[in-house]
Amino acid sequence: MTYLLLFYEFFKIGLFAVGGGTATIPFLMDLAERVDWYTTHELLDMIAISQSTPGPIGINMATYVGYTTAGVPGAIIATIALVLPAFLIMMLVARLFMEYKENKTVQAVFSGIRPAVAGLILFAAWTVLRVTVFIADGNSYKPDVTALILCVAILIAMNLPWFKKAHPIVWIGVGAVIGIIFKL
Amino acid sequence: MLPMFRRECVQRYHWVTDEEMLDLYAISQCTPGIIAVNAATYIGFKERKVRGSISATLGVISPSVIIICIIAALLKQFIEYPIVQHAFAGIRVAVCAMLIMTAITVARKGIKNISGVVLFAGGFALACFTPIPLVLIVIIAGVIGFVLSRYSPGKPKTDQKEGQL
């Protein structure tokens with residue numbers, strides 16, 4: 001049953017996460033709240049691991065969630081389920097390659113989806129902020145000051161011209177070191 | 001990811017041209033799924049039809065599956081140490097910052113006009129404050145995009161070089 005559910009959920013994510021690996025994050029966040037396969041904290045650790053290991057982030061996430069939920073078979077099932085929609089669609093696209101991209105209807109539909117997906121990613125960021133920086137305390141949110149400063153500092157640093165091209169692993173390393181020093 | 005794809009598939013094996021590579025990239029931005037998988041499926045299909053697609057796709061996902069299984073197994077043992085926990089607490093904050101950055105980048109690329117802003121804000125608000133499933137939000141946004149460009153004089157623009165790694 002778990003296998004079937006894993007397949008169903010990841011197939012759905014694979015089908016609707018348009019625009020690459022990061023688009024899977026809001027869906028995974030949502031999944032974390034609906035089923036008890038993993039917590040939002042675990043998901044965040046996973047994003048960090050995905051950013052610092054080879055391979056596309058979406059696949060890494062599927063493998064990790066599958067593995068923690070149902071071992072190696074789970075890992076394989078979740079990964080294949082995630083990839084399957086893209087695989088089937090690309091086979092079609094490969095036949096009609098250029099027509100698809102230039103197709104007015106396809107363009108129109110995606111002109112609506114792209115901004116909405118950006119909104120969903122922002123939602124994911126907010127969900128994450130709520131468990132790491134603004135800790136829910138009853139009905140109000142209390143900021144963890146060290147975490148807040150770290151978060152803002154990294155955001156600013158990422159926009160400085162010298163670090164614009166820095167690999168994500170740099171920021172993960174910075175986070176780890178500061179986490180250890182300040183005992184976050 | 002992309003530079004390596006280019007070196008192997010374009011320069012070494014001549015499976016695709018540089019132009020095809022770019023088109024593939026653009027198309028991956030507007031199909032579900034991960035770019036690497038899309039590219040592998042496409043190139044595999046071009047070379048050896050369905051069998052080629054299956055081999056190339058399995059090839060591109062195998063390393064991740066193996067590496068992540070090992071890491072997931074190891075992580076369970078190390079997570080007990082306080083130092084690892086502190087490190088991960090810091091890492092989570094860093095991931096947070098990266099996610100915000102990603103949202104900004106994606107928004108910049110995806111929002112082309114006022115209706116884009118509305119869809120962006122609407123997507124965020126619906127996800128945040130209502131129990132509407134995310135999948136449904138994506139579908140609604142697609143329908144709105146379709147209806148808007150049907151009934152407005154401006155044509156939707158294509159952007160060839162958008163995208164991240």
Side-chain angles (χ1 to χ4, degrees), chain A residues 15-16 18-22 26-27 30 44-45 47-49 53 55-56 58-60 63-64 67 75 79 83 85-87 89-91 94 101 107-116 118-123 125 128-129 132 147 150-151 154-155 158 171-172 175-176 178-180 183-184, chain B residues 23 26-27 29-38 41-42 45-46 53 57 61 63-65 67-69 71-72 83 86-103 106-107 110-111 116 119-120 123-124 127-128 134-135 137-138 141-142 144-146 149 156 158:
Chain A
L15 188 58
F16 286 98
V18 175
T22 38
F27 291 95
D30 181 52
L44 282 179
D45 296 345
I47 297 175
I49 291 169
T53 51
I59 291 175
N60 291 348
T63 307
Y64 181 80
Y67 182 87
T79 310
V83 166
F87 178 78
I89 290 169
M90 264 330 265
M91 297 250 280
K101 202 185 58 179
Q107 279 303 326
V109 169
F110 283 99
S111 71
I113 289 183
R114 274 191 222 107
L120 293 189
I121 294 176
L122 188 67
F123 158 68
V128 170
L129 273 174
T132 54
L150 175 60
C151 184
I154 292 180
L155 258 182
M158 269 195 266
W171 306 116
I172 290 165
I178 293 180
I180 292 170
K183 297 206 183 306
L184 271 173
Chain B
D23 288 339
I27 227 174
Q29 294 292 331
C30 55
T31 51
I34 293 131
I35 294 173
V37 174
N38 292 347
T41 309
Y42 175 76
F45 189 87
K46 234 189 113 189
S53 296
T57 309
I61 64 176
S64 311
V65 172
I67 291 171
I68 296 297
C69 278
I71 288 178
I83 193 163
H86 290 312
F88 268 104
I91 288 171
R92 280 184 213 126
V93 177
V95 172
C96 234
M98 286 193 278
L99 265 181
I100 297 173
M101 207 49 221
T102 309
V106 176
I111 299 175
L119 281 163
F120 172 73
F124 175 73
C128 247
L134 302 187
V135 168
I137 298 178
V138 173
I144 295 178
F146 175 72
S149 55
T158 45

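A note on names: the letters A, B, ... follow the listed sequences, proteins ahead of strands, and every chain is numbered from 1. Below, all heavy atoms of this structure are taken into account, side chains as well, without hydrogens, waters or symmetry copies.
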- Checking heavy atoms, do the side chain of M91(A), its backbone, both or neither come under 4.5 Å from chain B? both
- Okay, P85(A) and chain B: the region with an atom under 4.5 Å from a heavy atom over there is neither
- Pairwise distance CD1(I71(B)) to OG1(T63(A)) - rounded to 0.5 angstrom: 10.5 Å
- Message: Among V135(B), I83(B), I137(B), I111(B), which residue has the highest count of heavy-atom pairs closer than 4.5 Å to chain A?
- Response: V135(B)
- Task: Run the numbers on F120(B) and L122(A) for side-chain contact (heavy atoms from CB on, under 4.5 Å), then give the verdict.
- Result: CA-CA 9 Å; F120(B) 172 73; L122(A) 188 67; 3.8 Å; yes
- CD1 of I59(A) to CD1 of I68(B): how many Å apart, nearest 0.5 Å? 10.5 Å
- Euclidean distance, L134(B) CG relative to F16(A) CZ, rounded to 0.5 Å: 11.0 Å
- So do I172(A) and M98(B) actually touch side chain to side chain, heavy atoms under 4.5 Å? yes
- Message: Can you confirm whether F88(B) sits close enough to I180(A) that some side-chain heavy atom of one is under 4.5 Å from a side-chain heavy atom of the other?
- Response: no
- Query: Between atom CD1 of I91(B) and atom CD1 of I49(A), what is the distance when rounded to the nearest 0.5 Å?
  - Reply: 8.0 Å
- Provide the closest heavy-atom pair for P115(A) versus L119(B) in the form atom of the first, atom of the second, distance. CB-CB, 4.0 Å
- Where is the tightest heavy-atom contact between L120(A) and G123(B), given as atom of each residue plus distance? CD2-O, 3.8 Å
- Task: Specify which of V83(A), T79(A), D45(A), I113(A) makes the most heavy-atom pairs with chain B at under 4.5 Å.
- Result: D45(A)
- Query: Can you list the steps and then say if N60(A) with V65(B) is a side-chain contact (heavy atoms from CB on, under 4.5 Å)?
  - Reply: CA-CA 7 Å; N60(A) 291 348; V65(B) 172; over 6 Å; no
- Query: What is the minimum heavy-atom distance between A94(B) and G175(A), and which atoms define it?
  - Reply: CB-CA, 4.2 Å
- Inter-residue atom distance F45(B).CZ - F87(A).CZ, 0.5 Å rounding: 9.5 Å
- Closest non-hydrogen contact found for L150(A) with G90(B) is CD2-O, 4.0 Å
- Query: Which bit of A147(A) comes within less than 4.5 Å of chain B, counting heavy atoms only: side chain, backbone, both or neither?
  - Reply: both
- Task: Tell me, for Y67(A) versus chain B, whether the close heavy atoms (under 4.5 Å) come from the side chain, the backbone, both or neither.
- Result: side chain
- Item | chain A contact via T57(B) - which portion, at a heavy-atom distance below 4.5 Å | side chain
- Against chain B, label I178(A) side chain, backbone, both or neither, depending on which of its atoms sit under 4.5 Å from a heavy atom there. neither
- Task: Find the distance between CG (L44(A)) and SG (C96(B)) and round it off to the nearest 0.5 Å.
- Result: 6.5 Å
